[in-house]
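Shown next, in structure tokens, is the structure this report addresses.
Treat the numbers as computed from the prediction; the structure is a model and nothing was measured. Residue indices begin at 1 and follow the sequence shown.
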Amino acid sequence: MAEQHRKRTLDSGWVAARSTEVKFTGTQLTTTHPPTGPTSPWMEALVPATVLATLVKNKVVPDPFYGLQNEHIVDIADSGRDYYTFWFFTTFNCKLSSNEHCDLNFRGINYSADVYLNGHEIILPKGMFRRHSIDVTDIVHADGTNLLAVLVHPPDHPGRIPPKGGQGGDHEIGKDVATQYVEGWDWMAPIRDRNTGIWDEVSISVTGPVKIIDPHLVSTFSDDYKKAFLHTTIELQNRSSRTAECSLSVQVTIEPEDSIFLVEHLQTQNLSIPANSRVPYTFPELIFSEPNLWWPNGMGKQSLYNVVISIDVKGFGESDSWSHHFGFRKIESHIDNATGGRLFKVNGEPIFIRGGNWILSDGLLRFSKKRYSTDIKFHADMNFNMIRCWGGGLAERPEFYHYCDYYGLLVWQEFWITGDVDGRGDPVSNPDGPLDHDLFLFSARDTVKLLRNHPSLALWVGGNEQIPPADINAALKYDLRLHPYFESKDANSKPVGDVSPTPSDPSQYLDGTRIYIQGSMWDGFADGMGNFTDGPYEIQNPEDFFKDYFYKYGFNPEVGSVGMPVAATIRATMPSEGWQIPLFKKLPNGYVEEVPNAIWEYHKYIPYSKPTKVHDQIQLYGDAKDLDDFCLKAQLVNYIQYRALLEGWTSRMWSKYTGVLIWKTQNPWTGLRGQFYDHLLDQTAGFYGCRCAAEPIHVQLNLATYLIEVVNTTSEELSNVAIETSVWDLEGKRPYYSLNENLSLLPKKVAPIVEMKYPKSKDPKPVYFLLLKLYNMSDKRVISRNFYWLHLSGGDYKLLEPYREKKIPLKITSKVSIQESIYNIQMHVTNSSESPESRSSTVRPSDGFYGTQSLQTLHSGVGKEHQTVFKGIEGYFSGKSDGLKVTEINGSDVGVAFFLQISVHTSKKDYKEGEDTRILPVHYSDNYFSLVPGETMLINISFEAPQGVSPRVILHGWNYKGGELIYEVV
């Protein structure tokens, strides 16, 4: 993220009050009658966040994301705008020396504001997505306390929510340049204040007479990426009344793995800046030999350099400095001839896009670096390589992009247009988009300047399922035109770097480095012509994703499905009426219609059936008995559904498809559709289905043909590899085994290897498990592992119900390291049941910490009656022995330990029904996994424990009802 010299963020000490309840003017509040603290009508305020977030924090209104409580909060359409017009107040100190200047900065206010500082009024212009920087040098008390009051007004056109809801309500919000989801969508309840508030960072910054403004960093390459050039253009503002004689420097450093910063370049230029002027300046290019390149997730390292620009003024010293992480990379894209889809290249290498759609992290705009870090790491953990920031949401914040840079997620950033609100909805409204086109374009240009230096930012898009109005679209096309160096070259073009002289330095463009596409279904996305050809958005038969007729266009920007969370999340976010599972209504055609309870319906539940097309996927496992049973079976479906979706797309990599983005990865509230982790940050099994399917090198079963395929998305050829295929039945036997050795796999290719013929064998079992392992023959190292549970054609999984009674023994060896409150746990989980076949596997277990250390053992029985998750567990760890502990779960049966799920909890034992004991978020290297007899898997777990809490790790599974304590910190 960009950092400026002597910048201080104002993110604490704020109070707020409804404007109609405050008797004083802004001048009085910031001179003679300041608030004395959070006493009525004033309350502690969340800044940055929204008015509604502050009201929820102070329990003035109930949590809108819990149950049906959003219905008990007055909507702005009924209350009027004054009800959500709020004062925000804080104080700050700012010491200034001679010739120093102080700026008051707002990075985002929704929608307009009157600012008062020490009795002086400053009216801020409208617009949610524009920055405000105010020179308050002559207003601040340089040696005392400064009083700041901000009166924030809601959007001008907050709209009204129709009785049946709708995509964007009555669409009135589209008349403003603001986020549009706030009137509600088919996945979101309305936000009552329409996100009114100081929703992004507030800061003060101090500079000398010359200020650095919006540097632009651009990299170009030659000699097949062996040489890089850094181009830099900045604006300099001299706020003094005399010419400034300046020394301007740029320093580039990199932090190698040993944490020693190395200075790659240091360049200094001398220049004169006229008095009271603002001038651009372009540095001579810096040349780097053998640069460390930035790569997307799955393609290589995310190498980041730190660029520091500083300016010294003669007679003053350092006047200002600015820093930003920067990645050397080049992104290109073109419409692929073979598929008709848009194909992306990074550093000359084609990348098959597998990612998801993103709305925003939280519907009350309660953002934090910690939350962003978790959100983006979750996407990287799923092996995704792109996030699409949907046009009805936000222009995402620099903190979001910082973590995308760090974890390697390419970003598709849309501007604030949606088809539903801007001319294509029901009813049709706002065909000419927002009322103020100049404001839209100003906000777009300002957003580009805010975000353009992030290597993760891959493309700009005009809108969701719509293009902007003609004049806005034309202006964006011009403003975001590519510098000639970045125009896509076809296969017959010269290699990178051998370009003809360009008319100007690329850093002099507004962007110039990444493509602008006018809409999400145009120019290589969906059918490329803007017809509604994205989707579908409901449950599918898993095998359909592999069939020829399924989705015929090359790049699908939106395809969605189910997203039921775990039972603990339902209990934590809904009263007991919401714990009732759907009614399964049998229809005359043999299909089932799910009828959810009113709370689930309000939270936008998507059913696991589609009458006339898809039989209820939960009922394939038998009738759901209660909430826990329903949610567990939903996780089974989530895993299969999303793994099949990505494997189906990847099976046709480059032959039919260039990419897919799932609708969507998460919800900004406690929604019940289209998510891989819930609003409380607990992952669904679909998360791990995606993680499996999207790994860079992957072995998979084509569910339509039963061919075993290997996907190699990397640029390296695989040689001397083998595939081990084993089928396990419900009796713990292995009726089918095959080994395909000495395989070579070309880069960027999908290779069908062999048919899995067990279903065609004599007397195949109606339900069985399949384990595929791709491994290196030289050292038996597993490259890719994929576990399926399958039924014969026309069958179901109901035989898995009695399989629950199997008592499969497990052995868990754990090692923990703790740094302050951060826990990192390594667990080797072994299915210690044995069959003759399990001893013949050619593949060794994963590397880990096994050695000669002595082990301490905790025994606990399987199948005990547990009154709670934790009760009935006997024994505990009384100490450590070389950091290793062993838990043994006893059992006498032989078979697959099926669908194991690990979770981390507080040590609290006595809790009320529905109380949530989970520690969240937790990062797992894998979860919802299964082990065949004799198999061992290494699971890495990392999390931050609340202060004073001793965590305990619990294992649940198909064969482990009630949960087993497998690790406890004492």
In Å and rounded to the nearest 0.5 Å, what is the NZ to CE distance from Lys749 to Met653? 8.0 Å
Going by atom types alone, do Asn702 and Glu709 pair a side-chain donor with an acceptor below 3.5 Å? yes
Whether the Thr569 and Asp682 side chains hold a donor-acceptor pair (N or O, under 3.5 Å, no angle test) is what I'd like checked. no
Between Trp789 and Tyr803, does any side-chain donor sit less than 3.5 Å from a side-chain acceptor? no
Hey, are Arg691 and Asn383 close enough side-chain-wise for a donor-acceptor pair under 3.5 Å? no
Is there side-chain contact between Leu730 and Leu800, with heavy atoms separated by less than 4.5 Å? yes
Under the criterion side chain to side chain contact (heavy atoms under 4.5 Å, CB included), which of Leu645, Val711, Val660 is the partner of Thr650? Val711
One should read off an interatomic distance between Trp958 CH2 and Leu900 CG, to the nearest 0.5 angstrom, of 12.5 Å
Verify the distance criterion only: is there a donor paired with an acceptor across the side chains of Tyr608 and Gln619 at less than 3.5 Å? no
Tyr928 and ring-ring contact (aromatic ring centres under 6.0 Å, His included): which single residue from Tyr639, Phe787, Phe899 fits? Phe899
Hey, are the side chains of Lys806 and Phe898 touching, using non-hydrogen atoms and a 4.5 Å cut-off? no
Looking only at atom types and distance, does a side-chain atom of Tyr736 sit under 3.5 Å from a main-chain N or O of Pro759, one as donor and one as acceptor? no
Ile539: which of Val637, Ile606, Ile618 passes side chain to side chain contact (heavy atoms under 4.5 Å, CB included): Val637
Would one find more than 12 heavy atoms of other residues, nucleotides or ligands at under 6.0 Å from atom CD of Glu716? no
Rounded to the nearest 0.5 Å, how far does CG of Asn742 lie from CG of Asn720? 6.0 Å
Presence of salt bridge, Asp548 and Arg652, under 4.0 angstrom: yes
Quick one: pull up NZ in Lys757 and OH in Tyr706 and give me the separation to the nearest 0.5 Å. 15.0 Å
So does Lys547 have more than 12 non-hydrogen atoms from other groups sitting under 6.0 Å from NZ? yes
Could you tell me if Asp534 and Tyr553 have a donor-acceptor pair between their side chains, going purely by distance under 3.5 Å? no
Nearest-0.5 Å distance, CG of residue Asn541 to CG of residue Leu703: 11.0 Å
Would you call Ile662 and Cys690 a side-chain contact if the rule is heavy atoms closer than 4.5 Å? yes
As a test of understanding, state which of Phe676, Phe384, Trp663 forms a ring-ring contact (aromatic ring centres under 6.0 Å, His included) with Tyr642. Phe676
Lys625 NZ: over 12 foreign heavy atoms closer than 6.0 Å: yes
Taking the basic N atoms (NZ, or NE/NH1/NH2) and the acidic carboxylate oxygens, is any pair closer than 4.0 Å for Glu731 and Lys765? no
State whether a side-chain donor-acceptor pair under 3.5 Å links Glu647 with Asn786. yes
State, without any angle test, whether Ser726 and Arg734 hold a side-chain donor-acceptor pair at a distance under 3.5 Å. no
Is any side-chain N of the basic residue among Glu801 and Lys633 closer than 4.0 Å to the acidic one's carboxylate O? yes
Should Glu538 and Val614 count as side-chain neighbours, where that means a heavy-atom distance under 4.5 Å? no
Side-chain H-bond candidate by donor/acceptor type, Lys613 with Gln540, under 3.5 Å: yes
Does Phe525 form a ring pair (Phe, Tyr, Trp, His ring centres under 6.0 Å) with Trp412? I'd like the steps, not just the answer. CA-CA 12 Å; Phe525 300 121; Trp412 158 334; 4.5 Å; yes
With distance as the sole criterion, is a donor-acceptor pair present between the side chains of Asn638 and Gln635 under 3.5 Å? yes
From Ile941 atom CD1 to Ile902 atom CD1, the distance as rounded to the nearest 0.5 Å: 4.5 Å
What class does the angle between the rings of Trp649 and Phe545 fall in, given that below 30° is parallel, 30 to 60° is tilted and above 60° is perpendicular? tilted
For Gln666 and Tyr677, indicate whether the former's side chain and the latter's backbone hold a donor-acceptor pair under 3.5 Å. no
Whether over 12 other heavy atoms sit under 6.0 Å from Lys733 NZ: no
